[in-house]
> 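Sending over a structure as structure tokens; questions will come in a sec.
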Amino acid sequence: MMQSHKKQPKAAQELEELRHRMRHSASHMLADAVLRMFPDARLGIGPPTEDGFYYDFDVPRPFTPEDLESLEADMRQAAASDIPFEHSEVGRGEALELFSLQPYKLEVIQDIPAEETITTYRHGVFVDLCAGPHVESTGRVGAFKLLSIAGAYWRGDERRPMLQRIYGTAWESQEALDDFLHRLEEAQRRDHRKLGRELDLYSVSDEVGPGLIIWHPKGALIRSIIEDHWRAQHLRRSYNLVYSPHMGRSRLWETSGHLGFYRENMYDAMEVEGQEYFIKPMNCPFHIQVYRSSKRSYRELPLRYAELGTVYRYERTGVLHGLMRVRGFTQDDAHIFCRPDQVEAEVVGVLDFTFDLLRTYGFEEYDIYLATRPEKAVGEPEQWEFATASLRHAIEGLGLEYVVDEGGGAFYGPKVDIKIRDALGRAWQCTTVQFDFNLPERFDLGFVGADGHEHRPYMVHRALLGSLERFLGVLIEHYGGAFPVWLAPVQAVVITIADRHLEYATKVTSRLEEAGIRAHLDGRNERMNLKIREAQLQKVPYMLVVGDREAQDGTVALRLRSGENPGPTPLAAVISRLQEDIAARK
RNA sequence: GCCACCGUAGCUCAGUGGCAGAGCAGCGGUUUCGUAAACCGCAGGUCGUGGGUUCGAAUCCCUCCGGUGGCUCCA
């Protein structure tokens, strides 16, 4: 159960409610249309979603794109006929009778608690089991469109039958629908997989394998800037940087419990001199080794070990997606070992660090989730209560809105997840802060307290950016490929108008490079127009055109990727402008 | 992994049973140009893989590999 701690203005809430009703009604009209196409179709469920609606069907053959067109035409006809939606309450027996030919509906009815009333909505001949609410009549569904077809397991369970799902969307006006479709197009333009290729940032190769990222020079440069900044920030916040190997003996993973609980995500063992080794899916066991390398005193806690640790996890082929979901990735990982009395301050420190770091990249909006104890869990209830309260206090103390994900915690501890939204409106999890009651136990971690006795430290896993691969993917879409100057692989391109300007252009480029600017000289024997176009497509922030006038005056003709054209500018002024941008991380 | 769709030159794509094509990129040349694509030429492909049907397969069928949109799972 998700319990929201968010507030919305009333007007926005009413609009959302209207869209919700229109989408709900549109999904009924879709199901009605499908039944006309396939009278024997069995209906799954058809709820509204954040951006539209879907409906699941068990049909004799999969839908085709042409089917979508004729179904949509059928729906338009229904809308034109303006048939009223009629609500009624039915008894349980009556409901079972009414939907006797619809096994999925029967299953839903059986799951409705006895004390709840069962309701149906009818328009024309179509009746659906439905809690509602709906718009008054089919003419009031607004502007709608069917979007796509997909397979979906009944009740999301891969052991149950796969139904055919049709996705659609509905909005209060044609304008709002067009807006939405425009947003989808914009999202496609910003797709990190497309930009990744166009800007030559990374690739995946069939020969290397799916889900394994090959960073090209420009992508690698952006990544290394992010990493450098990350390390510097960690040092400022009293983290200790460590490095750990990519594999370890089976004994390590047995002790950690990964072989017991996480093996399906791990690659098979490799044998070395009769011993089994596993490639790491997580960094924690290694950081624990650092902790255990000497006897720890309460005086040295908290200890914060951080590493850009590359891990490999088996992911099913169907879930791989560009940089967002891969098989080999680098976590910006850290493990904090601390005393109980330090826990809350540590969590506050991590959250503060997170927002500080994410703000650097222009992320200001987050979805925050507090995930609590699941049914199957290790650790004492008091520990869970204490840790969960620490997380809650930390979030609330910072005045943040959050959602409680009841029972959504890991088996080894409660956690806070923070998601940022990409250009498609999909929320991507980046930050995660997780308590771990399991590993300190398994590795028998301890510290000597002021009382001279052994105590168990608290352990917190945290990743702020999540994985560099995913974060870069989100960043590419966030900026639409137009990276701010401090991240841009090429910050300035010097463009010659004719070959005779090469000498001056070379001098300009060297001056820029000496000033610490990533400059590139485009001295090709091509027309200036072409070079500007290419720099523009590569989203280079500064273009410095040099011709006769500039060579004579010691200036450059400045052009920005925004299309602004400030014109002739002294080189020194351009350099300081660039340096200001870089310093301000613009 | 499952459902649907897709895979033709580095990229974007045309070709749906009868001699593999275009634009861009690449290479060679001409051109020396003032704010988003100069011109001419050349080269480039076992049509993802393996098998089958056929006189003949990029095209039809099957297998596998990879991708896309979803489902499940997740940083």
Side-chain angles (χ1 to χ4, degrees), chain A residues 54 56 61-65 67 147-167 188 191 193-194 197-198 200 203-211 262 264-265 281-283 309 311 313-333 410 417-419 424 428-432 434 461-471 473-474 495-502 524-538 543-550 557-561 563-568:
Chain A
Y54 66 81
D56 289 341
R61 62 158 177 86
F63 292 109
T64 64
D67 290 338
L147 298 172
S148 60
I149 308 154
Y153 297 109
W154 170 238
R155 303 211 141 173
D157 185 337
E158 62 190 2
R159 290 162 306 192
R160 309 293 304 269
M162 178 155 287
L163 308 181
Q164 295 294 311
R165 175 172 297 180
I166 295 179
Y167 281 94
Q188 275 174 18
D191 190 311
R193 294 164 300 179
K194 181 173 134 76
R197 188 174 46 246
E198 288 171 1
D200 199 15
S203 62
V204 284
S205 150
D206 217 357
E207 266 177 289
V208 174
Y262 205 70
E264 68 279 11
N265 288 295
M282 291 188 192
N283 302 301
V311 298
R313 297 182 187 172
Y314 169 70
E315 298 284 357
R316 307 208 272 184
T317 51
V319 308
L320 299 173
H321 179 89
L323 293 172
M324 301 300 198
R325 192 75 183 273
V326 294
R327 284 181 171 161
F329 56 99
T330 301
Q331 292 182 303
D332 68 316
D333 211 356
D417 287 334
I418 300 176
K419 296 183 179 185
L424 284 158
W428 286 104
Q429 185 179 328
C430 291
T431 309
T432 180
Q434 312 190 348
H461 307 251
R462 49 112 280 197
L464 307 185
L465 307 178
S467 91
L468 285 163
E469 284 74 10
R470 176 177 294 180
F471 189 69
V474 173
I495 294 170
T496 51
I497 291 178
D499 288 352
R500 64 177 178 279
H501 308 122
L502 253 178
R524 290 175 301 163
N525 173 17
E526 292 288 353
R527 291 181 65 222
M528 178 202 61
N529 287 302
L530 178 84
K531 296 194 257 190
I532 286 179
R533 175 181 155 80
E534 288 185 355
Q536 202 66 58
L537 291 173
Q538 287 295 305
M543 283 159 261
L544 281 49
V545 179
V546 299
D548 291 332
R549 295 198 293 270
E550 290 75 19
L558 187 58
R559 180 193 163 104
L560 309 180
R561 67 180 161 200
E564 269 176 275
N565 201 346

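Throughout, protein chains are lettered first and strands after them, A, B, ... in sequence-line order, and every chain is numbered starting at 1.
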> Would you call A:Thr496 and A:Lys531 a side-chain contact if the rule is heavy atoms closer than 4.5 Å?
yes
> Name the pairs: protein N/O against N/O of nucleotides 2-4 of chain B, kept only if under 3.5 Å.
{"from": "B:rC2", "atom 1": "O4'", "to": "A:Tyr153", "atom 2": "OH", "distance (Å)": "3.1"}
{"from": "B:rC2", "atom 1": "N1", "to": "A:Tyr153", "atom 2": "OH", "distance (Å)": "3.4"}
{"from": "B:rC2", "atom 1": "O2", "to": "A:Tyr153", "atom 2": "OH", "distance (Å)": "3.2"}
{"from": "B:rC3", "atom 1": "O2'", "to": "A:Gln164", "atom 2": "NE2", "distance (Å)": "2.8"}
{"from": "B:rC3", "atom 1": "O2", "to": "A:Gly151", "atom 2": "N", "distance (Å)": "3.2"}

> Do you know which of A:Arg165, A:Gln164, A:Arg155 makes side chain to side chain donor-acceptor pair (under 3.5 Å) with A:Asp56?
A:Arg165
> Counting only Watson-Crick pairs (N1-N3 plus N6-O4 or O6-N4) and G-U wobbles (N1-O2, O6-N3), all under 3.5 Å, who is the partner of B:rG21?
B:rC13
> Looking only at atom P, what distance separates B:rU53 and B:rC61, rounded to whole Å?
15 Å
> Mind calculating the distance between CD (A:Gln331) and C1' (B:rC74) to the nearest angstrom?
11 Å
> Considering Watson-Crick and G-U wobble pairs with both distances under 3.5 Å, what does B:rU46 pair with?
none
> Any non-hydrogen side-chain atom of A:Arg500 less than 4.5 Å from a side-chain atom of A:Asp548?
yes
> According to the Watson-Crick and G-U wobble definitions, with both distances under 3.5 Å, which nucleotide is paired to B:rA75?
none
> Just by distance, no angles: are the side chains of A:Glu207 and A:Ser205 close enough, under 3.5 Å, to form a donor-acceptor pair?
no
> For B:rG41, what is the paired nucleotide under Watson-Crick or G-U wobble rules, both distances under 3.5 Å?
B:rC27
> Is there a side-chain contact between A:Val311 and A:Gln331 (heavy atoms, below 4.5 Å)?
yes
> So does A:Gln434 reach the base of B:rA75 with its side chain, donor to acceptor, closer than 3.5 Å?
no
> I want to check something: taking the side chain as every heavy atom from C-beta on, are A:Gln536 and A:Met543 in contact at a cut-off of under 4.5 Å?
yes
> Is there a side-chain contact between A:Lys419 and A:Trp428 (heavy atoms, below 4.5 Å)?
no
> Could you tell me whether A:Val311 contacts a base, only the sugar-phosphate backbone, or nothing, with contacts defined as non-hydrogen atoms closer than 4.0 Å?
nothing
> For the residue pair A:Gln429 and A:Asp417, what are the closest heavy atoms and their distance?
NE2-OD1, 2.9 Å
> Taking B:rG10 as the reference, what is the distance to B:rA43 when you measure between their C1' atoms (whole Å, please)?
14 Å
> Starting at CZ of A:Arg325 and ending at C1' of B:rG1, how long is that distance when rounded to a whole Å?
13 Å
> How many Å lie between CZ on A:Arg316 and P on B:rU72, as a whole number?
11 Å
> For RNA chain B, whose closest nucleotide is more 5', that of A:Asn265 or that of A:Gly547?
A:Gly547
> Does A:Arg549 reach a base, just sugar-phosphate, or nothing at all? Heavy atoms under 4.0 Å.
base
> Rounded to the nearest angstrom, tell me the gap between atom CD in A:Glu264 and atom C1' in B:rC74.
12 Å
> Side chain of A:Tyr167, heavy atoms from C-beta onward: which of B:rG70, B:rA75, B:rU32 has the nearest atom to it?
B:rG70
> Paired with B:rC2: which nucleotide, if any, by Watson-Crick or G-U wobble criteria at under 3.5 Å for both distances?
B:rG70
> Below 4.5 Å, heavy atoms only, C-beta onward: do A:Met528 and A:Val546 meet side chain to side chain?
no
> So which protein nitrogen or oxygen atoms get under 3.5 Å of nucleotides 6-14 of chain B's nitrogens or oxygens?
{"from": "B:rC11", "atom 1": "O3'", "to": "A:Arg197", "atom 2": "NE", "distance (Å)": "3.4"}
{"from": "B:rU12", "atom 1": "OP1", "to": "A:Arg197", "atom 2": "NH2", "distance (Å)": "3.0"}

> Quick check: do A:Glu469 and A:Arg325 have side-chain heavy atoms less than 4.5 Å from each other?
no
> Any idea if B:rU16 is syn or anti, going by the 90°-from-0 cut?
syn
> Using heavy atoms to find the nearest nucleotide of RNA chain B for A:Ala498 and A:Lys419 separately, return the residue whose nucleotide is more 5′.
A:Ala498
> Please give, in whole Å, the distance from B:rA75 P to A:Arg462 CZ?
15 Å
> Any side-chain N or O of A:Arg193 under 4.0 Å from OP1/OP2 of B:rU68?
yes
> How is A:Asp548 classified with respect to the nucleic acid when contacts are heavy atoms under 4.0 Å: base, sugar-phosphate, or nothing?
base
> Would you mind building the protein contact string for nucleotides 35-46 of chain B? One character per nucleotide, 5' to 3', B for base within reach (heavy atoms under 4.0 Å), S for sugar-phosphate only, - for untouched.
BBBB--------
> Measure the spacing between CZ of A:Arg462 and CG of A:Asp332 and express it to the nearest 0.5 Å.
5.5 Å
> Would you indicate, yes or no, if B:rU72 has its OP1 or OP2 atom less than 4.0 angstrom from a side-chain nitrogen or oxygen of A:Arg160?
no
> Reckon A:Gly156 touches a base, only the sugar-phosphate, or nothing at all at heavy-atom distances under 4.0 Å?
sugar-phosphate
> Using purine N1 to pyrimidine N3 plus N6-O4 or O6-N4 for Watson-Crick, or N1-O2 and O6-N3 for G-U wobble, each under 3.5 Å, what pairs with B:rG34?
none
> Under 4.0 Å between a side-chain N/O of A:His321 and OP1 or OP2 of B:rG69, yes or no?
yes
> Sticking with atom C1', work out how far B:rG17 lies from B:rU54, rounded to a whole angstrom.
9 Å
> Nearest whole angstrom, please: distance from the P of B:rA75 to the OH of A:Tyr314.
17 Å
> Would you mind reading off the distance between A:Met324 atom CE and B:rA75 atom P, rounded to a whole angstrom?
15 Å
> Decide yes or no for A:Leu320 and A:Pro210: does some side-chain heavy atom of the first lie under 4.5 Å from some side-chain heavy atom of the second?
yes
> Within the distance-only criterion (no hydrogens, no angle test), does the side chain of A:Arg193 pair as donor or acceptor with the backbone N or O of A:His321 below 3.5 angstrom?
no
> Between B:rC71 and B:rC13, how far is it from one P atom to the other, in whole Å?
24 Å
> Expressed in whole Å, how much space separates the P atoms belonging to B:rG50 and B:rU68?
24 Å
> Rounding to the closest angstrom, what is the interatomic distance between B:rG7 and B:rA58 at atom C1'?
11 Å
> For atom C1', what is the distance between B:rU8 and B:rG15, given to the nearest Å?
9 Å
> Once rounded to the nearest 0.5 Å, what's the spacing between atom CG of A:Asn529 and atom CD1 of A:Ile497?
9.5 Å
> Taking only the C1' atom of each, what is the distance from B:rA25 to B:rC64 in whole angstrom?
32 Å
> Rounded to the nearest 0.5 Å, what separation is found between the CZ atom of A:Arg316 and the CG atom of A:Asn265?
9.5 Å
> Could you check how far CG of A:Leu320 sits from P of B:rG66, rounded to whole Å?
9 Å
